[in-house]
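In what follows, residues are counted from 1 in the order of the sequence shown.
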Amino acid sequence: MALGTVLVVALMHPGMLFYVGITWGLWWLHLVVLREDIKLVVMEKDLNEIMSPNRRSWVLYVWTFYVAVAKCLHPSLKGLAISGALVLFHAIMRNPAKLASDMVRSKSIASGAGDSDDDSKVMVQHSDAV
């Protein structure tokens, strides 16, 4: 139920999905540029000299933190609230008589009322090993 709620809430916030997609794409591009050692040249200027890989990583960290807090936290809290409200509503709407009978039955099983109360003993015969 919670996964469905999260999916619905995520689909209700397409801006969040857009920002998460952009963030994922930027990190993917950054990792590909680092792994393949691609030179970023625009108008005969190497962008790796202007924006070093270390600086690019820090900018992406800041961008990711912004997206997580500003764009994803509110929908996540909304999904948590909706899911919690559904669970609470479901608990309130349960039949109290059925709950009472279930509790009595579980107590009788836990106390062993269903077991036989005779004092039977098991005799074990040991054979001497040589």
key: Listed partners of Trp63 passing side-chain hydrogen bond (donor to acceptor under 3.5 Å, both in side chains), at least two apart   = Thr23
note = In short, His30 meets Ser57 closest at the heavy-atom pair NE2-OG, 2.9 Å
request  = Report whether Ile22 and Leu60 are members of the same hydrophobic cluster (ILVMFWY, side-chain heavy atoms less than 4.5 Å apart, transitive linking).
outcome  = yes
task = Please round to the nearest 0.5 Å and tell me the distance separating atom CD1 of Ile38 and atom CG of Leu29.
result = 7.5 Å
query = Cluster question for you: counting only ILVMFWY and a side-chain heavy-atom cut-off of under 4.5 Å, with indirect links fine, are Val67 and Trp58 together?
reply = yes
message = According to side-chain hydrogen bond (donor to acceptor under 3.5 Å, both in side chains), who are the partners of Trp24, at least two apart in sequence or on a separate chain?
response = none
remark   = Looking only at heavy atoms, the pair that brings Arg56 and Val33 closest together is NH2-CG1, 3.6 Å
query = Are Met16 and Tyr66 in one and the same hydrophobic cluster, where Ile, Leu, Val, Met, Phe, Trp and Tyr link if side-chain heavy atoms are under 4.5 Å apart?
reply = yes
task = Kindly work out whether a path of hydrophobic side-chain contacts (I/L/V/M/F/W/Y, heavy atoms less than 4.5 Å apart) joins Tyr19 to Tyr61.
result = yes
remark   = Heavy-atom nearest pair, Leu73 first then Val69, reads CB-O, 3.2 Å
Interatomic spacing from CZ in Phe18 to NZ in Lys71 - rounded to 0.5 Å = 10.5 Å
query = Taking atom CG of Asp37 and atom NZ of Lys39, what is their separation to the nearest 0.5 Å?
reply = 6.5 Å
query = Would Phe65 end up clustered with Leu26 when hydrophobic side chains under 4.5 Å apart are linked, directly or stepwise?
reply = no
